[in-house]
**Q** 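Please find one structure pasted underneath; my questions will follow.
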Protein chains: 2
Amino acid sequence: MGTRYKGAKGEVRALNAFINLVRAAESVVGRLTPVMDEAGLTVSQFGALETLFHLGPMCQRELGAKLLKSGGNVTMIVNNLEKRGLVTRSRSGKDRRRVTVRLTRRGRVLIGRVFPVVLAGIVREMGLLGPAEQEELRRLCRIVGKRERAIGN
Amino acid sequence: MGTRYKGAKGEVRALNAFINLVRAAESVVGRLTPVMDEAGLTVSQFGALETLFHLGPMCQRELGAKLLKSGGNVTMIVNNLEKRGLVTRSRSGKDRRRVTVRLTRRGRVLIGRVFPVVLAGIVREMGLLGPAEQEELRRLCRIVGKRERAIGN
DNA sequence: CCAGAGTCGTTTAATATTAAACGATATGAC
DNA sequence: GTCATATCGTTTAATATTAAACGACTCTGG
């Protein structure tokens, strides 16, 4: 968004905060993607692998909730990861609607190799702020990002 | 990203700041989209109209730079806005490679109606923070989002 | 003038994303 | 048990997005 808007002080303040928030997120993510590209992973694919890596196996709906992606999209993301042998699908025994997604050995190896590189990038990018500033940024973002976002399916 | 990562203090701090930054941006944008949906505008279309509204006519490349979108995408965004009669294209006289995009009367009316509603939403969302906090968030985001992102075409 | 390099917008192909409709399964009220 | 309702994953159709190749145009240095 442009910054040229002339309005009440409070509006300008909110607008500027908002614009810079969105820009900062896009900017940092954009600078992290080359690492994922090298591994042949999209941001969403990386996110899925990383979630499974750190939180363990889960069903697709849960994964979609973590990634803020629609159900149909999760199906495609998992399809592509499955084709590459990075995850497996298995119907849950107790609730046969649920499909548990699980990292394979290959998937674990891949994300175990890529994640540290991405993490190093995050540390580098956020390192533009001092420790206290990073914590303050986190605090402010948590407040603003508090409420849930509804996503289809 | 999950928050379960166990690592060095600095890494955890950077990761948490990053995660909450991205989530906050997605979250706030997500809560603003219903207004744009009602007007039949995608986020990108809204961004294009808003940019033209506040900064005036400009060529597609410049628009793409503001929106952080690729050249091909700008072509499509402008195509769709043009089809709906919200903007016009015109070849520049002095540099015939350039296409100046300009709001039509209809386009100006539409964005003039929709923008205030979106702005009110932004004020509402950012209002979860006090004035000083909004300014601090802006300051931190500006630092982190400083560098440019390269985009194709 | 002119040749080469660079810029701008478009097209194309591949992928991502969403919403909506659907089939299978589970759950709850009766 | 059975029917109504809800949930989960998939499919489908429409749109968005990017990268790469391309054509038109400009500019620069001779």
Side-chain angles (χ1 to χ4, degrees), chain A residues 26 29-34 36-49 57-84 87-102 149-153, chain B residues 26 29-34 36-49 57-84 87-102 149-153:
Chain A
E26 281 177 349
V29 170
R31 277 177 258 129
L32 294 174
T33 48
M36 305 177 199
D37 288 348
E38 276 178 34
L41 295 174
T42 66
V43 172
S44 290
Q45 287 173 348
F46 173 85
L49 292 182
M58 64 183 69
C59 74
Q60 293 191 186
R61 170 151 280 279
E62 200 179 349
L63 194 53
K66 303 282 184 198
L67 301 175
L68 299 181
K69 295 291 151 75
S70 67
N73 195 9
V74 171
T75 294
M76 159 154 290
I77 293 169
V78 174
N79 277 348
N80 290 335
L81 293 175
E82 197 181 28
K83 274 183 210 155
R84 290 179 56 188
V87 303
T88 59
R89 275 185 167 97
S90 56
R91 287 275 169 192
S92 168
K94 51 179 182 289
D95 184 344
R96 300 197 41 72
R97 288 171 304 182
R98 285 186 157 74
V99 172
T100 302
V101 185
R102 199 180 307 271
R149 179 157 78 115
I151 289 216
N153 271 27
Chain B
E26 282 177 349
V29 171
R31 276 176 259 130
L32 294 174
T33 48
M36 305 177 198
D37 288 348
E38 275 178 34
L41 294 173
T42 66
V43 173
S44 291
Q45 288 173 348
F46 174 85
L49 293 181
M58 65 184 68
C59 74
Q60 292 192 187
R61 169 151 284 279
E62 201 179 348
L63 193 53
K66 302 282 184 201
L67 301 175
L68 298 182
K69 294 291 151 74
S70 68
N73 196 9
V74 172
T75 294
M76 159 153 288
I77 292 169
V78 174
N79 278 348
N80 289 335
L81 292 176
E82 197 181 27
K83 274 182 211 157
R84 289 180 56 188
V87 303
T88 59
R89 274 183 168 99
S90 55
R91 286 276 170 191
S92 168
K94 50 179 185 287
D95 184 343
R96 299 196 43 70
R97 289 169 305 182
R98 285 187 158 74
V99 172
T100 301
V101 186
R102 200 179 308 272
R149 179 157 77 115
I151 289 218
N153 269 31

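In the text below, chain A, chain B and the rest are named by the order of the sequence lines, each starting its count at 1. Keep in mind that the numbers below use all heavy atoms, side chains included, and drop hydrogens, waters and symmetry copies. Bear in mind that the values here come from a model prediction, so they are computed numbers and not experimental data.
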**Q** Under 4.0 Å between a side-chain N or O of B/Ser44 and OP1 or OP2 of D/dT17?
**A**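 Checking B/Ser44 against D/dT17: at least one side-chain N or O falls below 4.0 Å of OP1 or OP2.
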
**Q** Rounded to whole angstrom units, what separation is found between the NZ atom of A/Lys83 and the P atom of C/dA14?
**A**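 Atom NZ in A/Lys83 sits about 13 Å away from atom P in C/dA14.
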
**Q** Ignoring backbone atoms, establish whether A/Lys69 has a side-chain N or O less than 4.0 Å from OP1 or OP2 of C/dT18.
**A**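 The answer is no; no side-chain N or O of A/Lys69 sits under 4.0 Å from OP1 or OP2.
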
**Q** From the list D/dG9, D/dA16, C/dA16, which nucleotide is the closest neighbour of the side chain of B/Asn73?
**A**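 Looking only at side-chain atoms, B/Asn73 lies closest to D/dA16.
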
**Q** Can you figure out which of D/dT17, D/dG9, C/dA16 approaches the side chain of A/Cys59 most closely?
**A**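 The answer is D/dG9.
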
**Q** Quick one: list whatever passes side chain to side chain contact (heavy atoms under 4.5 Å, CB included) with B/Ala39, sequence neighbours left out.
**A**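 Testing B/Ala39 for side chain to side chain contact (heavy atoms under 4.5 Å, CB included), a comparison that skips the adjacent residues, returns B/Leu41, B/Leu110, B/Val114.
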
**Q** Going from CD on B/Glu26 to CD on A/Glu26, what distance comes out if it is rounded to the nearest 0.5 angstrom?
**A**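 One gets 10.5 Å once the value is rounded to the nearest 0.5 Å.
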
**Q** Return the minimal non-hydrogen interatomic distance between A/Val74 and A/Gly64, and the atom names on each side.
**A**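 Smallest interatomic distance, heavy atoms only, reads CG2-CA, 3.4 Å.
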
**Q** Measure across B/Leu81 and B/Ala48 and return the closest heavy-atom pair with its distance rounded to 0.1 Å.
**A**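 Looks like CD1-CB, 3.9 Å.
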
**Q** Listed in order of residue number, which residues of residues 90-98 of chain A have a non-hydrogen atom at under 4.0 Å from DNA chain D?
**A**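 Correct list: A/Arg97, A/Arg98.
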
**Q** According to salt bridge (charged side-chain N to carboxylate O under 4.0 Å, His left out), who are the partners of B/Arg84, at least two apart in sequence or on a separate chain?
**A**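 By the salt bridge (charged side-chain N to carboxylate O under 4.0 Å, His left out) rule, B/Arg84 matches no residue at all.
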
**Q** Grab the CG-C1' distance between B/Leu41 and D/dA16 for me, whole Å please.
**A**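 Between C1' of D/dA16 and CG of B/Leu41: 15 Å.
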
**Q** D/dT15 phosphate, OP1 or OP2: any side-chain N/O from B/Gln45 under 4.0 angstrom?
**A**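 Result: no.
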
**Q** Search all heavy atoms of A/Pro57 against all heavy atoms of A/Thr100 and return the closest pair with its distance.
**A**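 For A/Pro57 and A/Thr100, the tightest heavy-atom pair comes out as CB-CG2, 3.9 Å.
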
**Q** Roughly, in whole Å, what's the span from CG in A/Leu68 to P in C/dA16?
**A**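 For the pair A/Leu68 CG and C/dA16 P, the rounded distance is 18 Å.
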
**Q** Nearest whole angstrom, please: distance from the P of D/dT10 to the CG of A/Asn80.
**A**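 One finds 12 Å between P of D/dT10 and CG of A/Asn80, rounded.
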
**Q** If you check every side-chain atom of A/Val99, which of C/dT15, C/dT18, D/dG9 has the closest atom?
**A**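 Given the options C/dT15, C/dT18, D/dG9, the side chain of A/Val99 is closest to D/dG9.
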
**Q** Please tell me which of A/Arg89 and A/Asp37 maps to the more 5' nucleotide of DNA chain D, matching each residue to the nucleotide holding its nearest heavy atom.
**A**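 Its nearest nucleotide lies further toward 5', so the answer is A/Arg89.
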
**Q** Output the rounded distance in Å from CE (A/Met36) to P (C/dT15).
**A**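 So the two atoms are 19 Å apart, to the nearest Å.
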
**Q** What's the closest nucleotide to the side chain of B/Met76 if the choices are C/dG9, D/dT18, D/dA16?
**A**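 Within the option list, the nearest is D/dA16.
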
**Q** Taking the side chain as every heavy atom from C-beta outward, state whether B/Ile77 and B/Leu63 have any pair of such atoms under 4.5 Å apart.
**A**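 No, side chains not in contact.
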
**Q** Which heavy atom of B/Gln45 sits nearest to which heavy atom of B/Gly40, and what is that distance?
**A**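 Minimum heavy-atom contact is OE1-O, 3.6 Å.
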
**Q** Base, sugar-phosphate alone, or nothing: which one does A/Glu62 contact when heavy atoms must sit under 4.0 Å apart?
**A**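 A/Glu62: no heavy atom of the nucleic acid under 4.0 Å.
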
**Q** Looking at five pairs on each end of the helix from C/dC1-D/dG30 to C/dC30-D/dG1, what is the angle between the two axes, given to 10 degrees?
**A**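 For the helix from C/dC1-D/dG30 to C/dC30-D/dG1, the axes at opposite ends meet at about 30°.
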
**Q** Closest approach to the side chain of A/Gln60, judged atom by atom: which nucleotide of D/dT18, C/dT18, D/dT10 is it?
**A**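 The answer is D/dT10, which lies nearest to the side chain.
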
**Q** Kindly write out the residues that satisfy side chain to side chain contact (heavy atoms under 4.5 Å, CB included) with A/Arg96, not counting sequence neighbours, or none if the list is empty.
**A**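 Listed in chain order: A/Arg91.
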
**Q** Taking only residues two or more places apart in sequence, or in another chain, which ones meet A/Arg97 in a side chain to side chain contact (heavy atoms under 4.5 Å, CB included)?
**A**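 Counting only residues at least two positions away or on another chain, A/Arg97 forms a side chain to side chain contact (heavy atoms under 4.5 Å, CB included) with A/Asp95.
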
